[in-house]
Amino acid sequence: MHPFPLSVAAASLCLPTVFARFLGPLNPAPVDLTSDVSIVQSQWKNITSTLEGHLNGTARNEALSGLDKITFSLGLFSVHDLKAAGSLQYHHTGPDVRNATFGVNTVDGNSIYRVASMTKVMTVYSGLLLLKPSDWHKPLTEIFPEISSLPENDPVHHIQWDTITPFSLASQISGIPADARPFDAGELATVFYFTNPVDPTTLGLPPLTLNSTGINVPCQDVNCSAVQFLKGIQSPTFDSFQTPGYANTNFIVLGTVISKLTGLPLNEQWFQKAVFGPLNMTNTSSLSPTKKPYSGYVVAGSADDFAFQGGITSSSGGIFSTTNDIAKLGISMLNATLLPADQTRRWMKPNSFTASTDFALGMGWEIYRYTDKVTGHITDMYTKLGDAGAYASYIVVVPDYDFGFSVMVTSGIVTAAERSAAAHLLADLISETILPALRDQAAAETKCNYEGTYTGIGQNTSTLTLTYNQTAGAGFGLTLTSLVNNGHNLLSLMQTSLGSDQLVLAPSTMDPKTKQRGFVITPVTPPAEYTGLFSKMFATNSDWLNNNLITYGGQALGTFYFDVADNGRAVAASPAVLRGKKFKRST
Ligand SMILES: *[C@@H]1O[C@H](CO)[C@@H](O)[C@H](O)[C@H]1NC(C)=O
Ligand SMILES: *[C@@H]1O[C@H](CO)[C@@H](O)[C@H](O)[C@H]1NC(C)=O
Ligand SMILES: *[C@@H]1O[C@H](CO)[C@@H](O)[C@H](O)[C@H]1NC(C)=O
Ligand SMILES: *[C@@H]1O[C@H](CO)[C@@H](O)[C@H](O)[C@H]1NC(C)=O
Ligand SMILES: *[C@@H]1O[C@H](CO)[C@@H](O)[C@H](O)[C@H]1NC(C)=O
Ligand SMILES: *[C@@H]1O[C@H](CO)[C@@H](O)[C@H](O)[C@H]1NC(C)=O
Ligand SMILES: *[C@@H]1O[C@H](CO)[C@@H](O)[C@H](O)[C@H]1NC(C)=O
Ligand SMILES: *[C@@H]1O[C@H](CO)[C@@H](O)[C@H](O)[C@H]1NC(C)=O
Ligand SMILES: *[C@@H]1O[C@H](CO)[C@@H](O)[C@H](O)[C@H]1NC(C)=O
Ligand SMILES: *[C@@H]1O[C@H](CO)[C@@H](O)[C@H](O)[C@H]1NC(C)=O
């Protein structure tokens, strides 16, 4: 069900799913998100004027009423359209922040929010940049030999640290419980002994040994050592690598691992070294501001809680950042600015399913699988939610479009559930509206940049024609509509060999230096009937199985290369099978 009256009209068409496509984009990523003719720009205007009309009271929209008491900042970003990060932003200041004694009274792209657990993905990014690949697979007992004496070979009662690795922590599949001291949120003893004292034995609980500082575990506060913290985590939830479970503890421990292996004891040191420094994210830090009036910060809820230093917990949720800095962060990931492109591609892959078919987990990532309502194609969104105290946030990166966005919200005058719901609503509003816009913008640019006739250099008996076919069922991409080589109809050979009359090109490889691109043919086949998952796989998912199955002299029949000018227009095409022969764009 679609909660907004905002979606593009086409979403209501009832079309068959496009079958047999590779995972990945249908077309090259769009480059124009901000000009007056960009579909993304016009949909963004639609979102922002709908928000504005609602918030200024001229056009109330029931679906948005949860935003009335929220302060929020939204920002889109793109690798290819540098204006997007600055111009596709929307900010709204709620009533409590407008009145706040400390911090800003109007939010903008430089306003500093608590991003809470969005931090976790920055911790992983830092780790990927600072640790050796092999470090991710070391048992924790090797990194912290002091914990090797903890009870082993008793997986029911004790966490088996020798089976837990930094990779399992980052991927939320270590099996350790969500929180442990110094996170007291879920600790009932804190309530029964201190906050709201009651004798726990009258509730049927055994008494605990306490001392004046609290619960008697080795880690007493946020400045405890890694080993104290590890020793304070009690029963396992699951075995390692069994099933994912959200845990702040995973990222506190991962932070201590990074500190230990880099020799940089404070989290802020390695955050700065790996990410914030190189990206010039000058308004981002894992340290809380120490002095009122907290200039530049968005202060909601209690101003006194605000200055709390996270210590070892800051690798789990301690970061403060801005819409502008998060755009730099996201663009650096998508553009492989800090981490090499191959490692980035590996990072942006799932490591585990969850019990939900459209939600998976990667290293730090919460991955949403968006199904396009028109094409039926899957677009994976790599995201991280933050949600704590009066703040919530999202970073979302979409590698298929070299695009992403951030959402940051806060409010001291609504419940935590209402504040969370506002962040989810805004992320849904953007993704449900902008992903279809990106799809259509990418299609329009691909049609303009690639459609036409290409002629064999110095020949008029060799031609290649590409037609952008937007008809339902056509594969939503460039179709090879003629290929004649030295007067011979090579298209019909390809159609016969590849098993379809309709050969659609999907983007595959790309060289950022030369701008040359590879495409691979998807032979479009009508969806076949199936009786269950096994027959469905073969009826609907043949691309990954075929994978350029047919070759001629070792060159894949389905692969085409393009020379692309700086303005994005293809200037020459070259079927791999013709071994270097180029067809120059003539229309
Ligand atoms: C946004 O788009 C929808 C669907 O096209 C349209 O009904 C609505 O009027 C638009 N709203 C604004 C504020 O432009
Ligand atoms: C309210 O927002 C709408 C949509 O952006 C705008 O057209 C209108 O001028 C605004 N009205 C006031 C009073 O601010
Ligand atoms: C992306 O990386 C390329 C180099 O591969 C660089 O030329 C370009 O400026 C980068 N884009 C952004 C937005 O940083
Ligand atoms: C903001 O301040 C005004 C004037 O002092 C007051 O009337 C209003 O109730 C305050 N609003 C909030 C949300 O605190
Ligand atoms: C409380 O117990 C912890 C853990 O055993 C210990 O480190 C700490 O020193 C104790 N504090 C006091 C005041 O006894
Ligand atoms: C932890 O250390 C920081 C920095 O030295 C200090 O500001 C903070 O008060 C300490 N926190 C606790 C709970 O002792
Ligand atoms: C970092 O950002 C600041 C503030 O925008 C700017 O003045 C400075 O030139 C930037 N430094 C680099 C190295 O880009
Ligand atoms: C940080 O925010 C200030 C305004 O508070 C701004 O002048 C500066 O350019 C920002 N720095 C960066 C790197 O964006
Ligand atoms: C191809 O080019 C040759 C030489 O320019 C010309 O004689 C011939 O008519 C052309 N054929 C076609 C089909 O245009
Ligand atoms: C476009 O796709 C439709 C649906 O598959 C097909 O019937 C039509 O022939 C295609 N047109 C071209 C020019 O390939």
Side-chain angles (χ1 to χ4, degrees), residues 2-13 28-34 36 38-64 67 75-88 90 108-112 272-273 275-285 296 321-345 373-374 397-399 401-405 428-430 432-437 440 509-517 564 566-568:
H2 199 268
F4 310 107
L6 309 173
S7 68
V8 284
S12 61
L13 291 175
V31 304
D32 177 11
L33 280 68
T34 55
D36 287 345
S38 171
I39 298 162
V40 177
Q41 166 77 292
S42 81
Q43 288 302 308
W44 179 248
K45 276 195 183 138
N46 184 302
I47 297 178
T48 54
S49 56
T50 303
L51 285 169
E52 190 62 23
H54 171 79
L55 294 164
N56 74 16
T58 60
R60 298 282 298 170
N61 181 326
E62 203 39 47
L64 302 177
L67 302 176
L76 313 190
F77 50 85
S78 155
V79 171
H80 306 294
D81 187 336
L82 291 178
K83 290 197 212 101
S87 69
L88 305 182
Y90 182 81
D108 63 23
N110 284 328
S111 299
I112 306 168
Q272 287 293 345
K273 180 177 180 189
V275 179
F276 306 155
L279 296 178
N280 199 24
M281 292 168 63
T282 55
N283 292 319
T284 301
S285 174
S321 191
T322 68
T323 305
N324 288 336
D325 277 359
I326 292 169
K328 288 184 189 176
L329 179 81
I331 288 173
S332 80
M333 293 171 178
L334 291 163
N335 202 27
T337 308
L338 301 179
L339 196 64
D342 61 324
Q343 290 179 45
T344 302
R345 288 191 294 270
K373 290 172 187 66
V374 174
V397 299
V398 188
Y401 293 122
D402 288 341
F403 159 87
F405 65 89
D428 278 345
L429 179 61
I430 296 175
E432 295 289 330
T433 312
I434 299 299
L435 292 183
D440 291 346
T509 53
M510 146 121 197
D511 182 343
K513 293 184 298 295
T514 62
K515 308 256 185 258
Q516 285 176 315
R517 270 188 177 279
V564 179
D566 280 345
N567 66 5

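Start at 1 and go down the list; that is how both ligands and their atoms are numbered.
The residues Lys83 and Asp81 are annotated as not salt-bridged, no charged nitrogen and carboxylate oxygen being separated by less than 4.0 angstrom.
A 4.5 Å side-chain heavy-atom check between Leu338 and Pro278 finds at least one atom pair inside the cut-off. Looking at heavy atoms from C-beta onward, Phe77 lies in side-chain contact with Val397 at the 4.5 angstrom threshold.
The atoms of ligand 1 that sit less than 4.0 Å from any heavy atom of Ser49 are 13 (C). Below 4.0 Å from some heavy atom of Asn46 lie the following atoms of ligand 1, by number and element: 1 (C), 2 (O), 3 (C), 8 (C), 10 (C), 11 (N), 12 (C), 14 (O).
Environment of CG in Asp36: sparse, with no more than 12 heavy atoms of neighbouring residues, nucleotides or ligands closer than 6.0 Å.
Closer than 4.0 angstrom to ligand 3 sit non-hydrogen atoms from Val79, Leu82, Ile331, Asn335.
On a distance-only criterion, Asn280 and ligand 7 share at least one N/O pair closer than 3.5 Å.
In summary, the side chains of Asn324 and Thr322 do not present any donor paired with an acceptor at a separation below 3.5 Å, with no hydrogens or angles considered. Thr337 and Ser332 are not linked by any side-chain donor-acceptor pair at a separation below 3.5 angstrom, with hydrogens and angles left out of the test.
Nearest heavy-atom pair across Thr344 and Met333 is CG2-O, 3.2 Å.
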